[in-house]
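Working notes, structure below.
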Amino acid sequence: MTLDQMKPGDECRIVKIDIQGITGQRMLDMGFIPGTAINVIRNAPLMDPIDIKIKGYMVALRRSEARAVEVNPS
Amino acid sequence: MNKSSNEIVVALTGQPNAGKSTIFNALTGARQHVANYPGITVEKKTGTYRFNGHKTIVIDLPGTYSLTSYTQEERVARNFLLHDKPSAIIDVVDASNLERNLYLAFQLAEMGISMAISLNMMDVAQQRGLTINTKQLSNELSVPVVPTVGNKGTGIKDLREVIEQISKDKNASQPSLHLNYGKTLEPVLARIEKHLSEDMVISTHYPMRWLALKLMENDAEAQRLVRKHAKNKENILGNVTRERELFQTEQKQTAEQAIAIRRYEIAGGIVGRCVKREKEEEQTLTDRIDRIVCNRVTGPIFLAGILFLLYYLTMKIGGEYITPWAWKYWAMLRDVIANLLPAEGLIRSLLLSGIVDGVFAIMNYLPIFLILFLLIAILEDSGYMARIAFIMDRALRAFGLHGQSTLPMILGGVVMGGCAIPGVMATRAMKDQKARITTIMIIPLMNCMAKVPLYILLVSIFFKNHQAIMLWFMSLITLCIALIVASVMNLTILKREESEPFILEMPPYHLPTITGVVRRAIERTWLFVKKVITIIIAVAIVVWVFITFPGISNEKIAYYDGEANKFTEMFIEKTGEDNPYAKLLIGSGLKEFGQYWDRYKKQRMSTKNKNALKEKFNKENPEFFKIVNRGKGIDGKKDKQAKKIYGAYKKLDKKLKRLSIIRRKEVVYVSFAGRFGRFIEPVTKFAGFDWKTNIALASSFAAKENLIATLGTIYSVGNVTSGETLAKSMEEDTSETWTPLHALALMLFVALFPPCIATLIMIRVETKSTRWMLFATIYPIILGFIIAIIVFQGGQILGLTAIQVMIFLSIFIFTILTAIYFMGGRPAAMKIE
Ligand SMILES: Nc1nc2c(ncn2[C@@H]2O[C@H](COP(=O)(O)OP(=O)(O)OP(=O)(O)O)[C@@H](O)[C@H]2O)c(=O)[nH]1
Ligand SMILES: [Mg+2]
């Protein structure tokens with residue numbers, strides 16, 4: 001599954017990041033590391049971007065980017 | 001950087017929103033822009049302080065999550081550390097986000113510069129129930145750790161001491177922190193390092209291990225360094241590529257992934273050992289606020305409410321209550337200045353009509369700006385700005401913009417009364433190059449504060465009964481046009497620019513500090529005032545020259561002087577030789593009386609204590625006083641002769657004033673500016689602009705503030721100083737020729753008119769491209785002219801009122817906008833690099 005398929009309230013763990021270059025690097029830098037837990041908090045009013053909690057802080061990302069994050073629901 | 005033996009240079013680094021600028025301000029007492037919005041500081045800023053006799057230079061670097069070379073901020077921060085070699089680094093770490101912040105700290109330590117950590121936001125960490133063992137943290141990292149609370153100034157003294165220590169004794173403080181990247185990476189790094197160290201030049205210039213790591217990460221900038229400095233470049237780079245490929249096939253992940261994972265592993269370990277969580281994480285206040293503020297239904301309502309409040313407070317409170325109140329004081333100040341100037345002649349005219357009135361016409365709007373800046377500062381400091389980006393992203397993305405375009409657009413004046421310059425500058429926080437250029441190009445279409453006075457002026461004359469609606473219309477229509485322009489540009493000229501990921505941190509909310517907010521509002525207002533005083537003065541002089549020279553012919557001058565004399569003679573005749581007061585008003589006496597009369601009238605209007613004023617003027621000249629007091633002495637005794645003079649002089653005064661208006665108009669008509677305005681009138685008349693308007697528009701190119709100032713000069717009647725009197729004289733002057741339709745066309749043209757020169761310079765700086773600057777100059781003229789013509793001609797041909805035209809235009813534009821939104825609004829397909 002990928003992160004954009006998760007619903008608000010869902011929890012999951014990162015399996016891997018399927019994107020390289022600047023987007024992938026930024027995700028790594030911000031703590032999107034395999035094994036890390038993610039809480040999906042909410043959708044924006046127009047359903048995109050999504051707001052998630054990772055490593056104790058909140059971050060918003062677009063669905064198009066979230067699709068590159070492979071996760072395991074837990 | 002030049003370092004004398006006594007000077008210390010410290011660089012402040014850290015992740016976005018960690019509090020670097022706050023610490024910078026606390027250290028230096030400077031006023032660096034602070035906001036609860038990641039990416040506010042986008043270039044390095046310098047400040048100094050003295051400590052124990054040492055001069056310490058502090059550099060506030062932009063916040064970065066990492067030190068790659070993908071983004072401009074990272075390059076700025078990294079290149080400074082690499083090339084300017086500061087004496088020490090202070091890494092400002094957000095204690096409530098320790099793990100992620102350590103990730104950057106490790107990379108800083110690898111740059112081989114003395115370093116200490118300012119463990120900031122200790123209060124936030126505490127609130128969250130985190131206890132951090134700073135001593136152990138310091139041991140594990142082997143760098144000094146100073147706990148701080150930046151916005152309260154806690155720990156700043158300790159920080160200063162540590163800075164001195166680590167810069168003084170270099171060796172002791174070299175970060176001995178040496179990250180071990182594990183069995184798979186270390187051997188590779190060692191091989192590359194060895195290879196690099198064989199090269200004489202590169203090994204003395206750069207920290208070897210750092211360079212080896214960056215090369216493994218496939219960092220373009222590091223490769224460039226090798227190419228530039230190493231003799232053996234082909235060999236080194238070829239080697240690195242082989243190592244990278246080998247690593248990837250063996251480990252099933254890229255080297256940069258492995259490196260990041262390892263850094264987080266170590267950071268996680270340290271956090272586990274140094275941080276104790278005392279209470280289970282409960283729902284924070286931020287979570288609870290976000291539930292309402294980012295909610296699907298209440299979120300947009302809240303946002304609209306905030307924007308409405310912004311409007312209401314600036315326009316209503318600022319515009320209707322504070323501005324008139326403040327004007328009294330401006331008028332007083334202007335009179336003081338006017339009295340200091342030489343009594344008559346060209347110089348006075350230049351100084352007074354050209355400069356003083358130009359500046360004061362703008363100062364009139366100062367209260368509005370101050371309130372706007374206060375409100376924006378509150379929004380920024382609260383943390384709400386990131387939520388605006390979150391809420392707005394999907395809507396704005398449909399037009400090729402970005403959630404982060406919201407702040408620059410608001411600063412530019414989506415809500416009336418911004419300024420394009422801070423707007424353009426604020427786009428620097430945007431990572432997405434394509435969206436950024438688009439944003440920069442449309443910011444000048446917003447309603448900057450220099451356009452607002454003209455709107456208010458015209459609306460108050462021509463749309464008396466619909467003032468608020470018209471202002472709303474102006475801001476909505478400009479926004480809609482801007483969005484259409486943005487999407488057209490995105491599909492055409494910007495097609496090939498690079499797009500970037502949207503990964504935006506949502507900082508926790510906090511209560512803005514009063515000092516912080518007030519400080520920033522005053523600072524921004526001051527920036528504006530400075531601009532007024534520099535640019536406006538320069539332009540005011542030029543404009544004055546253009547509308548004053550070459551001047552009317554000598555015969556004309558003689559004619560006007562003759563007329564004035566005739567009036568005066570008539571006055572004396574009428575009052576009669578036998579009138580005792582008439583004698584006082586012969587020759588220079590008349591002029592003296594004129595000044596006395598003007599002074600008395602003016603002071604009477606502004607003072608409450610009329611009796612004291614009467615006493616004063618009576619003391620000065622009891623005869624004059626009887627005249628100006630309508631033939632009554634201070635004792636209340638009536639004097640028929642004096643009353644007669646009063647009536648006659650009043651008539652004379654009116655006649656002379658009218659004469660001077662006609663004369664003034666003729667001067668403008670034959671002036672250089674008048675010639676130019678008339679020259680292009682045949683074209684501009686299609687949009688309803690006469691030559692006077694043309695002059696004003698041309699002068700506004702230098703700075704929008706001039707628009708109203710120039711109109712003020714052209715329509716000036718005696719002493720035009722306030723917007724109010726300008727409104728009156730325009731009304732008198734234009735009521736026959738101007739219709740609301742003229743006003744609407746002009747407002748729309750001004751709304752789309754090219755940005756002022758200062759903004760264009762900023763655009764050049766931000767885009768680093770003269771082509772974009774020229775584009776930003778030319779397209780608004782064409783667009784604005786087309787729309788003005790459509791409005792003016794359409795309205796005239798179809799016989800519509802301005803309000804009807806406005807409604808049709810809104811429907812038309814809104815339809816296009818909706819079409820774009822639903823056509824171009826589908827989420828862009830993901831691009832995998
Ligand atoms: N509670 C608390 N707030 C702080 C502290 N230090 C700074 N702040 C606030 O945190 C926010 C961010 O501070 P800045 O100084 O703008 O952060 P920065 O690191 O310069 O951010 P960028 O320039 O965007 O990278 C501001 O609203 C500050 O008032 C602190 O120790 N405690
Ligand atoms: Mg800053």
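The shown structure was predicted, so the numbers you read here are calculated from the model rather than taken from an experiment. Just so it is clear: chains get the letters A, B, ... in the order the sequence lines come, proteins before strands, and each one is counted from 1.
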Taking C-beta and beyond as the side chain, do B:D287 and A:M58 meet within less than 4.5 Å on heavy atoms?
yes

Atom pair CZ/OH of B:R100 and A:Y57 - distance to nearest 0.5 Å:
4.5 Å

Answer with side chain, backbone, both or neither: which region of B:Q257 has an atom nearer than 4.5 Å to a non-hydrogen atom of chain A?
both

Point-to-point distance, once rounded to the nearest 0.5 Å, from CZ of B:R291 to CZ of A:R42:
8.0 Å

Taking side chain as everything from C-beta outward and backbone as N, CA, C, O, which of these in A:I41 sits under 4.5 Å from a heavy atom of chain B? Side chain, backbone, both or neither.
neither

Under 4.5 Å from any heavy atom of chain B, what part of A:I33 do you find: side chain, backbone, both or neither?
side chain

If every non-hydrogen atom of B:F390 is compared with every non-hydrogen atom of A:A60, which pair is closest and at what distance?
CD1-CB, 3.6 Å

Engaged part of B:Y264 at the chain A interface, taking heavy atoms whose separation is under 4.5 Å
side chain

Should the pair B:R397-A:D48 be classified as a salt bridge under the 4.0 Å nitrogen-to-oxygen rule?
yes

Atom pair CZ (B:F502) and CD (A:E65), whose distance is rounded to the nearest 0.5 Å:
8.5 Å

Of B:M392, B:E217, B:H402, the largest count of non-hydrogen pairs under 4.5 angstrom with chain A goes to B:H402

Atom CZ of A:R62 and atom CZ of B:R394: how far apart are they, to the nearest 0.5 Å?
10.0 Å

Region of B:T254 that comes under 4.5 Å of a non-hydrogen atom in chain A
side chain

Examine distances only and state if a side-chain atom of A:Q25 and a backbone atom of B:T68 form a donor-acceptor pair shorter than 3.5 Å.
no

If I take atom CD1 from residue B:I261 and atom CZ from residue A:F32, how far apart are they, to the nearest 0.5 angstrom?
14.0 Å

At a heavy-atom separation under 4.5 Å, does B:R263 approach chain A through its side chain, its backbone, both, or neither?
neither

Check each atom of B:A267 against the heavy atoms of chain A and say whether the ones under 4.5 Å are side chain, backbone, both or neither.
neither

A:L46 versus B:Y821, closest heavy-atom pair with distance
CD1-OH, 3.7 Å

If you tally heavy-atom pairs under 4.5 Å between each of B:G299, B:P300, B:G268, B:C294 and chain A, the highest tally belongs to B:C294

Calculate, to the nearest 0.5 Å, the distance between atoms CG and CG belonging to B:D290 and A:D51 respectively.
6.5 Å

Check: A:M30 and B:I503 side chains under 4.5 Å, non-hydrogen atoms:
yes

What is the minimum heavy-atom distance between B:Y103 and A:D29, and which atoms define it?
OH-OD1, 2.5 Å

Trace of the side-chain contact (heavy atoms from CB on, under 4.5 Å) decision for A:M47 with B:R296:
CA-CA 8 Å; A:M47 300 305 286; B:R296 294 190 68 176; 3.7 Å; yes

Atom group of B:E256 that falls short of 4.5 Å from chain A, counting heavy atoms:
both

